[in-house]
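Notes follow once the structure below has been shown.
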Amino acid sequence: MASARRTAKGVWDRFSASDPGLLRLMAGLRTVGAILLALAVLAPLGTSVTHLVAGAMTAMVATFAIQEKEVRGQAVTLALGLPVALTAISLGALLNSRVVAGDLFFVLLIFGAVYCRRFGDRGTALGLIGFQVYFVSLFVSASTSALPTLYLTLTVAFVCSAVVRFAVVPETPERTLARLREAFRARLAQLIAHQIELLEADVGSAEGPEKILDDLRRSTARLHEAALMIQGRLEEGTRDAAAAALLQRRVADAEIAAERLGVLLLNARSAERVETLTLHLPSAHVPLSRRGRIGPDAGTALRRDLRALHLLVVRLVPDDHGTALPYVRNRLLGYREEQGLPQGSPAIQDCFRAIGEAARAILGLRLATDGAPDEEYDSPEVLRSREEFEAEEISISGEAADSDAEEQTGLRRPTTRAAVQVAVGSALAIVGGEFLSTQRWYWAVLTCWVVFLNTASTGEIMVKGYRRLVGTVLGVVAGVALAGAVGNHTWAAFALVVLCVFGMFFTAPLSYAMMSFFVTAMLGLLYTLLNTYSLDVLVLRIEETALGAACGIIAAVLVLPVRTSHRTDEELGTVLARLRDVVSAAVAQLSGGPPVDLVDLARDLDTALDDLRSSTKPLTHPIAPLRARRQTARYIVALLETCAYHARSLAATAELVPSSKSVAADARLALAGRRITHNIDLIAAKVRDEETDGVIESGSSIASMLDSGRHEVLRTGSVAFRVLRHLQRLDEGIVGLARPLGAPLAAPE
């Protein structure tokens, strides 16, 4: 039984690591539950199949459209959504037989639904409900005589959505944050497990070590993703701003400590220390077959302590007690204070120190989440760590930084521009769709609508249209097979529809093509239920989808276009600005300056970097025709990810200065950071196409730029050496950015 429980626990950890916070699972279950409950209520009332379809689709819309975090806000939006839905279904039934008036109103409705996104989550939800319910009226050919029954159907659908949302599958910010913390723990355990595999890898193997490196990079990226999701939910998930800031800091500490440990393990396996590998460069690494072996005694000790660290992460829950865990934690924490440090090369000892830092971060994470009490087995090192955590907690300020973002107005506002574009594209789709089919022209309009959702440039719209077309073609094939399998079995078709809905919402954040596949397969089943299924209808679906995507692309190119290069330059400039903020603030604090909230700055950098990754996807997509541009975009993003890692590490070290007894400020570090910020400013000016007279400075290493006392700095301990190493890697990364971006480089001395 114990073995079965451990196996089940491992399987669940892997699943929760693949779906942080179970957000996709909860979204799918909530939507499916609303549909099933609506069908269960409507079927005994003798509702026709057509109205059952309308009720199921409305329940789905009422569930997925609402994305607000607070329960009270969700309830208000759901209550406002019902009159919006009733109005939309009424207008759809009234205008169904009036072609011109109906088409004009549909275009205006689309414009309004997109424009409402400027009013936040509530405006987005109400606009989406209005559009989708009007689409439902077209899909089921609603008539004025059927309106009373449709009113009852929609009301039941909204009530069922509310019941599932607030009672059956409740979703509160606190629950979501708790699941995200569990996902972070699972991903942290997964990363350390891969680090153990790296240490045990056979360097003579041709394929195994390289697969371990890929797994290591993937698990590191997933840990970072979970950390970002936690940080994004903190303000809504905790009532106390100081508690949110504290948890945010502990998550960042744990992430950085785990990343640093992975880097040092890679360095320890390297035959020469002159080469440093980072986990963020997916295409720039040296095979393990070219790396050296770690000595048997040091390797045994490292494997033992990594397994002990993995045990601390796995047992990171409040009800795990016993004398073994405190003793293990005490031994690992002692490595931070050079207590009991095993013998070995400097690279090996750096790994042990990093294990101590990771153990401290895990202790801090447990204190922040569970408030673990003092234990009689605490060593002096643990007591000192607890005191440091308490001092940091006292110094945390819960004041939110005021936003200085410039408010855009008129057609410069993204929502206004997108509303105009999608209205023009939808008008083209209506005209073209009428030529293809006077009965199902709305599929082209729907495609034009969805390719504009969550896109901000012409390239993103092109890629999204391509993915939707691919998913639709594959979905048609699946729809033909499923429709033939269910035949005239109504409830079997409904069961498969529910499965398709779950697949649609579970895969939506991962793959837009997969979501389109499930949508199209579901439509084949719905047509079967409505007795309008034929192969010609599904082929028409492909044609309408291609037409809608083409109309969306034409509108994006001709009407208020936002070029992909322009958007990526804007996001790149933002990343450079955020990177400079983190580096300058961290170096200033390490040099003895006043303390600042470095965690907020680091989070802003991570958010800006995620936005840059999204904006460059059209450039790095396999269908992008310019291969050289694709490689350049990937190279720049990889370098920035490396710089962001070292900047976060600098910030984490600088956070220790005000309260730690082992990390002291050094005024000489200000000189080391000056060149980095100067180079970032020049590259940012080049991205903005500003005229500058300066050149990118390079040449001497960061350590050699310090005065003759630099050897004293390096002898002060691993913390000082770590600071200089991160500064050196930042300097190299920024200089590497100068070449592809065309910034002028200083002539070599």
Side-chain angles (χ1 to χ4, degrees), residues 6-7 9-18 20 180-201 208-209 211-227 230 250-269 277-280 288 294 298-317 320 324-325 327-336 342 347-366 369 645 648-649 652:
R6 285 195 299 270
T7 302
K9 177 68 173 174
V11 172
W12 178 253
D13 278 354
R14 285 192 291 272
F15 178 78
S16 60
S18 66
L180 283 171
R181 289 202 303 263
E182 174 63 18
F184 183 82
R185 182 202 63 78
R187 288 190 169 187
L188 182 60
Q190 190 179 65
L191 174 59
I192 296 175
H194 287 148
Q195 291 172 351
I196 296 173
E197 293 177 4
L198 171 70
L199 197 62
E200 296 175 344
K211 181 182 182 300
I212 293 173
L213 281 176
D214 291 338
D215 292 340
L216 193 62
R217 292 185 179 88
R218 188 180 303 110
S219 58
T220 302
R222 287 180 172 179
L223 181 69
H224 184 58
E225 176 191 1
I230 291 174
R250 297 296 172 255
V251 168
D253 289 344
E255 178 198 0
I256 293 170
E259 285 183 342
R260 183 186 299 129
L261 177 59
V263 172
L264 291 175
L265 287 172
L266 283 168
N267 287 338
R269 300 223 46 180
L277 283 175
T278 69
L279 300 177
H280 297 287
L288 283 182
I294 299 173
T300 300
L302 263 182
R303 286 190 289 271
R304 177 201 66 196
D305 290 337
L306 279 175
R307 291 193 185 98
L309 184 65
H310 185 268
L311 178 65
L312 291 181
V313 176
V314 171
R315 303 289 292 274
L316 187 60
V317 289
D320 279 329
L325 282 178
Y327 280 126
V328 169
R329 183 194 58 205
N330 295 347
R331 177 167 56 81
L332 299 185
L333 275 171
Y335 293 158
R336 295 184 63 245
I348 297 298
Q349 292 198 331
D350 273 350
C351 291
F352 287 110
R353 294 188 187 98
I355 290 175
E357 294 284 355
R360 179 186 183 274
I362 292 168
L363 173 63
L365 189 60
R366 180 169 184 176
T369 55
Y645 159 71
R648 289 197 307 271
S649 299

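- The CG atom of L191 sits 10.0 Å away from the CD atom of E255 when rounded to the nearest 0.5 Å.
- In this structure, the side chains of D253 and L365 stay at 4.5 Å or more apart for every pair of heavy atoms.
- Contact annotation: the side chain of R218 approaches that of D214 to within less than 4.5 Å [non-hydrogen atoms, C-beta and beyond].
- Residues passing the salt bridge (Lys or Arg N to Asp or Glu O under 4.0 Å) test with R307 are E200, sequence neighbours excluded.
- In terms of modelled atom types and a separation under 3.5 Å, the side chain of Q195 and the main chain of L261 share no donor-acceptor contact.
- Taking CD from E225 and OG1 from T220, the interatomic distance works out to 12.5 Å, rounded to the nearest 0.5 Å.
- Shown here are the side-chain hydrogen bond (donor to acceptor under 3.5 Å, both in side chains) partners of H310, two or more places apart in sequence or in another chain: there are none.
- Residues R260 and Y645 form a side-chain contact, since some pair of their non-hydrogen atoms from C-beta on lies under 4.5 Å apart.
- Atom CG of residue L363 and atom CZ of residue R250 lie 9.0 Å apart, to the nearest 0.5 angstrom.
- Contact detail for A257 and A361: the closest heavy-atom pair is CB-CB, 4.1 Å.
- Residues R187 and S219 have side chains not in contact (no heavy-atom distance under 4.5 Å, counting atoms from C-beta outward).
- Proximity of L302 to I355: side-chain heavy atoms (C-beta onward) are separated by under 4.5 Å at one or more points.
- Look at R185 and E182 and you find a salt bridge, because one of the NZ, NE, NH1 or NH2 atoms lies within 4.0 Å of a carboxylate O, short of that distance.
- Remark: F184 engages no residue in a ring pair (Phe, Tyr, Trp, His ring centres under 6.0 Å) (not counting sequence neighbours).
- L306 places a side-chain heavy atom less than 4.5 Å from the side chain of L265.
- Contacts of A308 classified as side-chain contact (heavy atoms from CB on, under 4.5 Å), with partners at least two apart in sequence or in another chain: V328, R331, L332.
- Across every non-hydrogen atom of A359 and L333, the tightest pair is C-CD2, 4.0 Å.
- Across L188 and A254, no two heavy atoms sit closer than the pair CD1-O, 4.4 Å.
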